Amino acid sequence: MNRRKFIKNAILFFPAAGVFRHLLKDAQAKPGNGKYDPANHLYGMGVDIGKCIGCGLCIEACKKENNVPKEPFFCRTWVERYVIKRDGSVTVVSIEAQKEKPRAEETDVLRSFFVPKLCNQCENPPCVQVCPVGATFATEDGVVLVDSKRCIGCRYCIQACPYGARYLHPETRTADKCTFCYHRIVKGMLPACVEVCPTQARIFGDLKSMASRLVRFTRINKIHVLKPHLNTEPKVYYAELDGEVR
Amino acid sequence: MNPELVKRLSELSQEVTGFIYPNELEIHWSILIVVYPYITGLVAGAFILASLVQVFNVKEVQPTYRLALLTALAFLLIAPLPLQFHLGHPGRAYEIFLTPQLGSAMAMFGFVYLWYLMAVLLLEIWFEYRKDLIVWSKGGKAPMKWIYRGLSLFSSDISEAAVAFDKKAIQVITVIGIPSAFILHGYVGFIFGSVKANPWWSSVLIPIVFLMSAIVSGIALVIFLYMVITPLRGEGINMRCLDKITSYLFYAVIVDFTLEALDFIHRLYESEESIKILLKLVTDKLFVSLWVIQILLGMLIPLGIMVVVKSLKLPEELRKLFYFISVILIQLGIFATRWNIVIGGQLFSKSFRGLTTYKMEVAGIEGLLTAIALLILPFIVLAILLKILPAWEAGSAEEGAAS
């Protein structure tokens, strides 16, 4: 290398190194070191009742993903089928429990629809309020979780949940419920039930991000929540919710 | 996985009427949670009876004073056991004491329980027995002598001034003890009454109903024990005492009945969203335990009996018999009250669209046999307590009867 080339390279190298160093420092200084920061998120789910076809894939996916017992009386999520007849009578079944039974022929049906249910991830959760040891808690990003290493299995939270969203896991003997697949969403993935829904009846998103599908969903639909009079402030939002649904 | 549970729930799912949320099939608060408020109610009621002597100076009730205190202690010592057995992780129960979540009504259990046990009951019993313990420690034989010495916490002053101080202390403790007893059972009521998700429980009257029924059951229990133990000791029952306590019982039952009726009428009149399913509940699943056992056998018949006894001047033996039947029926009724609240509140769906069934286990940890054992255990504890701390001096009943 001659002197001329050396000086030329040096002139390029030193400022470039300085810029790189600065960029590297900048990258490291990013909040949370580029890691997931719960303060930047607030999760919720939309349910488009008109789109649900009652296929039950969401239930199956949830059970597989979260080690939920396969029996129909342990559920993190379930789907209800409503049949409202002309005489005003209402029949409701859980599609899982009804799976093996032959469906009776229905006449005089006024309207019929499916309603996916899950933990409402309340802003004001009664389950968190009643837990005597703080095993159930709400995360900063708006998800209600259970610390199964702390839960004593008193089942007060199960009694306090107005939506029947909790059960006692027969293996761990602790309370269990929908977590919005917390282990997935913090990695930027979708909850299992949302991922498999063939009609996109379930819409998951971040309420803090204006670009999220959920925010769009709540903008273009008339929204209702379950049992609003209890002031639990659910973060599961239903579009086209029928008055018969409780 | 628990195949037995799955089998039980699968069978149970056949008996559901209407629609319930899938997770509601399993009844989570079993008979042990019926036993728990029943036992704490007895504690609170027995203590309130004991305080009649101290605070309100009802001299006639004096023969049952110590018995009532020891009964309260015996039942209080057993009260946490049904809760403990019911937990999914009994080994973690200490977390309620160590790291309570202060917003939870249930987390208050540790504080309320310890306060009531240590600051009220044990202290009052200690002051009440202090002089006797010192006397017994001087007179008795070797092992008991030491036990009494230890129980008296090595105090030895039985001068008049010291005994007068004991009496004063007991009065102060009782004055603190009455609201404490109210809190002890009122808080148990609050655990249920504050669950807004459950319209059968969610009522501001529930803690008060719990309290009144606690007083009823506690007084009835002490009467029962007094009527059983006194003849066993070969002594006569003090009828003035018995008449007086049963009249208190009579008034307590009337107040209790009125409150429960008010609660019922209020619900019926307001007729909220849940009224249809609640009416189905009380006319179907709870028909026997509510209308027949709680109201007819547990309230109306004992009230009728007591009205008859009070209005007709019946002979002593007949009065005793009638009182005895009444207190047993009342116990049955109050147990049914607890059952109807705890189990009843879980038999209907929070969707208000269906009912489920409670099938009690027999031999399991949350089964019938455990419940019976837990109901017998306090009597064994009481027998031991009475052996160590006799509630009566020999011949006291005759003296009382003669006076």
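Proteins come first, then strands; the chains are lettered A, B, ... in the order of their sequence lines, and each starts at number 1. A quick note: this is a predicted structure, and the numbers were derived from the prediction, not measured.
Within a 6.0 Å radius of CD in B/Gln84, other residues, nucleotides and ligands contribute more than 12 heavy atoms. For B/Lys280, the NZ atom sits in a loose shell: 12 or fewer heavy atoms of surrounding residues, nucleotides or ligands are nearer than 6.0 Å. With a 6.0 Å radius and a threshold of 12 heavy atoms from other residues, nucleotides or ligands, B/His266 has its NE2 atom at or below the threshold. Residue B/Phe190 places its CZ atom among 12 or fewer non-hydrogen atoms of other residues, nucleotides or ligands, all under 6.0 Å distant.
With a 4.5 angstrom heavy-atom cutoff, A/Thr172 touches chain B only via backbone atoms. Using a 4.5 Å cut-off between heavy atoms, B/Phe109 makes no contact with chain A at all. For B/Leu12, no part sits under 4.5 Å from any heavy atom of chain A, backbone or side chain. Residue B/Ile96 touches chain A through both its backbone and its side chain, counting heavy-atom pairs closer than 4.5 Å. Heavy-atom distances place no part of B/Ser202 under 4.5 Å from chain A, backbone and side chain included.
Among A/Val133, A/Val93, A/Val128, the residue with the largest count of heavy-atom pairs under 4.5 Å with chain B is A/Val133. No other option in A/Lys227, A/Arg150, A/Arg155, A/Arg173 has as many heavy-atom pairs under 4.5 Å with chain B as A/Arg155.
Atoms CG and CD, on B/Leu25 and A/Glu71 in that order, are 11.5 Å from each other to the nearest 0.5 Å. Distance check: B/Glu273 CD to A/His229 NE2 gives 5.0 Å after rounding to the nearest 0.5 Å. B/Glu95 contributes atom CD, which lies 11.0 Å from atom SG of A/Cys154 (distance to the nearest 0.5 angstrom). Distance OH/A/Tyr156 to CD1/B/Ile33: 11.5 Å, rounded to 0.5 Å. Between B/Glu26 atom CD and A/Tyr167 atom OH the span is 11.0 Å, to the nearest 0.5 Å.
Closest heavy-atom contact between A/Phe74 and B/Leu9: CZ-CD1, 3.9 Å. When all heavy atoms of A/Lys117 and B/Tyr21 are compared, the pair lying nearest together is NZ-CE2, 3.5 Å. Residues A/Gln159 and B/Gln346 come closest through the heavy atom pair NE2-OE1, 3.0 Å. Closest non-hydrogen pair, A/Cys131 versus B/Ser104, comes out as O-CB, 3.4 Å. Counting all heavy atoms, side chain and backbone alike, B/Arg92 lies closest to A/Thr174 at NH1-CG2, 3.9 Å. Between A/Gln129 and B/Gln101 the shortest heavy-atom distance is O-NE2, 3.1 Å.
The closest side-chain heavy-atom distance from A/Ile158 to B/Trp29 is not below 4.5 Å. Looking at A/Val90 and B/Phe19, their side chains never come closer than 4.5 Å, going by heavy atoms from C-beta outward. Here the side chains of A/Glu96 and B/Pro22 are not in contact, with every heavy-atom distance at 4.5 Å or above.
Contacts between residues 355-375 of chain B and chain A, counted as heavy-atom pairs separated by less than 4.5 Å, involve B/Glu366.
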